[in-house]
Protein chains: 2
Amino acid sequence: MSPRRSVADALSTRAAILDRSVAIASLEGLEGLTIGRLATELGMSKSGVLGHFGSKEALQLAVLERAGEVFRAEVWEPAVPATPGLPRLAALCEAWISYLEREVFPGGCFFVAAAHEFDGREGAVRDAIEARFDAWSARLCKEAGRAVEAGDLPGDTDPADVAFELMGLLMALNHALQLHRDPRAADRARRAVRARLRSARPPGA
Amino acid sequence: MSPRRSVADALSTRAAILDRSVAIASLEGLEGLTIGRLATELGMSKSGVLGHFGSKEALQLAVLERAGEVFRAEVWEPAVPATPGLPRLAALCEAWISYLEREVFPGGCFFVAAAHEFDGREGAVRDAIEARFDAWSARLCKEAGRAVEAGDLPGDTDPADVAFELMGLLMALNHALQLHRDPRAADRARRAVRARLRSARPPGA
DNA sequence: CCTACCGATCGGTAGG
DNA sequence: CCTACCGATCGGTAGG
């Protein structure tokens with residue numbers, strides 16, 4: 001229909017490859033994602049798949065990029081309307097918990113899984129994963145720092161400590177859901193986040 | 001030297017295969033552990049390696065068993081002398097933190113990595129990993145329950161909440177050390193564990 | 001986007 | 001424990 005049909009087709013094919021790749025890699029890992037399997041599932045040839053990216057590593061980086069877009073929409077965006085500081089910190093955690101509960105990725109948090117798969121290696125994929133966690137930690141630290149400034153967390157609180165502890169709760173939830181399939185874990189995580197973010201000030205002070 | 005030299009040799013060969021397997025799998029994962037690589041590194045043939053176990057899955061299960069022995073010696077045993085309840089809970093956490101700091105396994109906690117690698121699959125390997133975490137959680141819960149009974153933690157504390165939160169701190173530490181190579185993380189984890197286990201009772205009450 | 005192919009490696013087996 | 005081998009699959013390339 002379009003006069004540049006081949007270009008539009010190429011873009012939509014690329015998008016289809018990436019969506020399928022994200023689904024596979026979420027369960028099997030970024031290494032378990034193979035060109036041959038992708039080709040079979042998509043009804044394409046291997047070279048047809050690979051032609052869009054050039055190499056497996058380039059495909060993996062594109063998959064991380066695509067997963068990052070999903071994460072941004074599902075976790076970062078919902079917290080934007082919240083008031084900076086403690087309320088936004090709580091909103092970020094709630095968005096993360098909800099993102100796991102709703103199984104946005106079938107294998108749990110895409111980046112937690114990728115981090116464990118690549119933390120013992122070197123290269124561009126590992127670096128891309130680390131950069132995403134750096135950005136996430138920085139975001140948590142920033143909001144925690146604002147909460148301290150606003151007096152919503154005790155004045156001697158280290159924002160990095162808060163970010164570290166919240167990350168732990170989120171990782172424990174991911175673990176409980178994926179390995180133990182424990183449906184009570186989400187509420188446990190919510191309770192723990194609430195307790196950690198409760199001001200040391202007496203209510204109403 | 002021994003009259004049953006071939007039997008003793010077989011056992012020591014098996015032990016050598018498992019030790020090398022643990023080292024490889026810690027960094028590359030239990031699937032990244034291949035018979036061919038093992039054979040090359042040990043100066044054996046592939047069939048010589050495989051003959052000790054029968055299949056790759058049986059090798060993976062034996063590797064988990066061997067890693068479990070190391071974990072028991074490094075994390076469970078050091079906490080045995082501690083008084084049951086809060087002191088032993090603290091000792092278990094400190095042993096775990098030290099076990100990561102000392103890089104007992106080059107790729108961080110063997111079981112956390114294995115859990116993420118296999119939580120999206122089915123089978124005996126996945127089941128063995130889950131069983132180890134069940135045992136670990138039960139242990140933390142038991143000591144937390146004793147701490148509540150002894151009045152060392154608030155009376156309305158859910159021991160499973162404590163175990164969940166401590167697991168989170170340990171996983172956050174593993175992540176910080178492996179992905180971010182952040183040497184400050186161990187002390188951050190110690191601080192957070194101490195804060196979580198601090199009694200709600202005023203000191204000396 | 002395809003077919004046809006490359007060398008390397010995978011887990012595993014036969015036979016000794 | 002070995003050699004020699006199996007079919008399958010890996011990432012990737014040549015040539016169109």
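Computed from a prediction, not measured in an experiment: that's the story for all the values here. Per chain, numbering begins at 1; letters A, B, ... match sequence-line order.
Legend: residues meeting side-chain hydrogen bond (donor to acceptor under 3.5 Å, both in side chains) with A:Arg102, ordered by chain and number and at least two apart, are A:Glu74, A:Ser98. Applying the side-chain hydrogen bond (donor to acceptor under 3.5 Å, both in side chains) rule to B:Glu57 yields no partners; only residues at least two apart in sequence or on another chain are considered. Taking B:Glu77 as the reference, nothing meets the salt bridge (charged side-chain N to carboxylate O under 4.0 Å, His left out) condition, with sequence neighbours excluded. Every side-chain hydrogen bond (donor to acceptor under 3.5 Å, both in side chains) that B:Arg191 has, sequence neighbours left out, goes to A:Asp161.
A salt bridge links A:Glu143 to A:Arg139: one of the charged nitrogens lies within less than 4.0 Å of a carboxylate oxygen. In summary, A:Asp187 and A:Arg184 do not engage in a salt bridge, as defined by a charged side-chain N under 4.0 Å from a carboxylate O. Between A:Lys56 and A:Glu31, at least one side-chain nitrogen of the basic residue sits less than 4.0 Å from a carboxylate oxygen of the acidic one, meeting the salt-bridge criterion.
Secondary structure note: stems in DNA chain D built from 3 or more consecutive Watson-Crick or G-U wobble pairs under 3.5 Å occupy C:1-16 with D:1-16.
The aromatic rings of B:His116 and A:His116 lie parallel to each other, their planes meeting at an angle below 30°, with 60° marking the opposite boundary.
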Check your understanding: Can you give one letter per nucleotide of nucleotides 10-16 of chain D, going 5' to 3': B for a protein heavy atom under 4.0 Å from the base, S for sugar-phosphate only, - for none?
Key -> SBBB---
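Regarding B:His52, its NE2 atom lies at a distance of 7 Å from the C1' atom of D:dC1, rounded to whole Å. Atom pair B:Arg14:CZ and D:dC1:C1' shows a separation of 16 Å (rounding to whole Å applied).
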